[in-house]
Trainee: 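So that we are looking at the same thing, I have put the structure below in structure tokens.
Computed from a predicted model, the values in this text were never measured in an experiment. Remember, it's 1-based here, ligands and their atoms both numbered in the order they're listed.
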Amino acid sequence: MTTRVWDYLTEYENERGDILAAVDRVFRSGTLVMGESVRSFEREYADYHGVAHCVSCDNGTNALVLALRALGVGPGDEVITVSNTAAPTVIAIDQVGATPVFVDIDPDTYLMDTSQVAAKVTEQTKCLLPVHLYGQCVDLEPLRRIADQHGLTILEDCAQAHGARRDGVPAGTIGDAAAFSFYPTKVLGAYGDGGATITNDDQVAANLRRLRYYGMEKQYYVVQTPGHNSRLDEVHAEILRTKLMRFDGYLAARRKVAQRYSEGLGDTELVLPKIAPGNDHVYYLYVVRHPKRDEILERLKAYDVELNVSYRWPVHTMTGFAHLGYEPGSLPVTERMADHIFSLPMYASLSEGLQDKVIGAIREVLQSL
Ligand SMILES: *Cc1c(COP(=O)(O)O)cnc(C)c1O
């Protein structure tokens, strides 16, 4: 059987009783949308982060869209971010009519090179959008200084960083707002799509609540601007509540997988994940690199081990973003890493047997090169 990069079936078997009970509670509650489960999940997720507000929505992309709009980002504004990210980070900027401006990444962590941000600030810049990619945090201290100096907001893309910390501070609590995805593969995943934004700003939270509900403040009446229909279903909220209770266990399990990979592959030519000082990595992905990446992936096909590349095509090189005008070579580190990186199977319920199969297969392939 193929070892998949991600799988929920073992987890489901382990937690089936709780998941089905959650579904049953909702179906028997008489409310399927915007009820007690959503309200409870929002309160619990805010409390987990020690912030004032959590506003749930239907997916992570829309969490970013709603957050950008709630922060006042719109047509003509520029948002500084990275090209080494899931395309939805950039799609969200595009959807609100703003222009993404890319900086390159750090070659060790693959995260935003914050030293390049100040030079990209213009009169149009409105927001900085760091992505805590793969499960570890961008250093927000230099970004906060730049943001304060120029009157910018910070939106953290936390879609891959639930539970991550830097210097003990949870991801998503330093920026003006932070967007999460609960897509099933994520560190905290629903059994379907879901998303949320957290913030300490009462006005931003009020904007988010309005914007996710057509723009309505009272029933059936749009007072300010038309919004979106972007709600989290009760059934996903209730399942997320049960998973939130196990969340620290998931993080510990992911870290254990990462540790076993690092032990099993530490003496090979692979460049293993590097953790920046102060970071608690949650390993949404375990990303390694090797100059012969494509040959390794080709040879691994014989071993029934699925691997993934996140991401093979930096956003600025995609034809769909040609209008942004980035030439090949404009983000050299991002482009070079995209040719070398790949990620190993990673999820909390990945068995030691499958981990060993992955390690064994990669070791054999590396020796055969
Ligand atoms: C998954 C992801 C998103 C989008 O979330 P969806 O729930 O799939 O819409 C945005 N940004 C990053 C970095 C992601 O990994």
Trainee: Looking at residues at least two apart in the chain, or sitting in another chain, which of them share a ring pair (Phe, Tyr, Trp, His ring centres under 6.0 Å) with Phe41?
Mentor: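 In terms of ring pair (Phe, Tyr, Trp, His ring centres under 6.0 Å), with neighbours along the sequence ignored, Phe41 is linked to Tyr45, Phe182.
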Trainee: Could you go through ligand 1 and note, for every N or O atom, any protein N or O atom closer than 3.5 angstrom, writing the atom names and distance to 0.1 Å, or 'none'?
Mentor:
| residue | atom | partner | partner atom | Å |
| --- | --- | --- | --- | --- |
| ligand 1 | 5 (O) | Ser181 | OG | 3.4 |
| ligand 1 | 7 (O) | Gly60 | N | 2.7 |
| ligand 1 | 7 (O) | Ser181 | OG | 2.7 |
| ligand 1 | 9 (O) | Gly60 | N | 3.3 |
| ligand 1 | 9 (O) | Thr61 | N | 2.8 |
| ligand 1 | 9 (O) | Thr61 | OG1 | 2.5 |
| ligand 1 | 11 (N) | Asp157 | OD1 | 3.4 |
| ligand 1 | 11 (N) | Asp157 | OD2 | 2.9 |
| ligand 1 | 15 (O) | Gln160 | NE2 | 2.8 |
| ligand 1 | 15 (O) | Lys186 | NZ | 2.6 |

Trainee: Keeping the roles fixed (side chain from Arg293, backbone from Ala338), state whether a donor-acceptor pair exists under 3.5 Å.
Mentor: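 Side chain of Arg293 to backbone of Ala338, a donor-acceptor pair under 3.5 Å: yes, one is there.
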Trainee: Check step by step if salt bridge (Lys or Arg N to Asp or Glu O under 4.0 Å) holds for Asp356 and Arg260.
Mentor: CA-CA 9 Å; Asp356 291 341; Arg260 289 188 88 249; 3.1 Å; yes
Trainee: Take Tyr191 and Tyr8, measure what ring pair (Phe, Tyr, Trp, His ring centres under 6.0 Å) needs, and give me the verdict at the end.
Mentor: CA-CA 9 Å; Tyr191 277 67; Tyr8 72 92; 5.8 Å; yes
Trainee: Who passes side chain to side chain donor-acceptor pair (under 3.5 Å) against Asp24, sequence neighbours left out?
Mentor: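 Here no residue qualifies.
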Trainee: Which residues satisfy the side chain to side chain donor-acceptor pair (under 3.5 Å) test with Arg165, sequence neighbours excluded?
Mentor: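 Listed in chain order: nothing, the list is empty.
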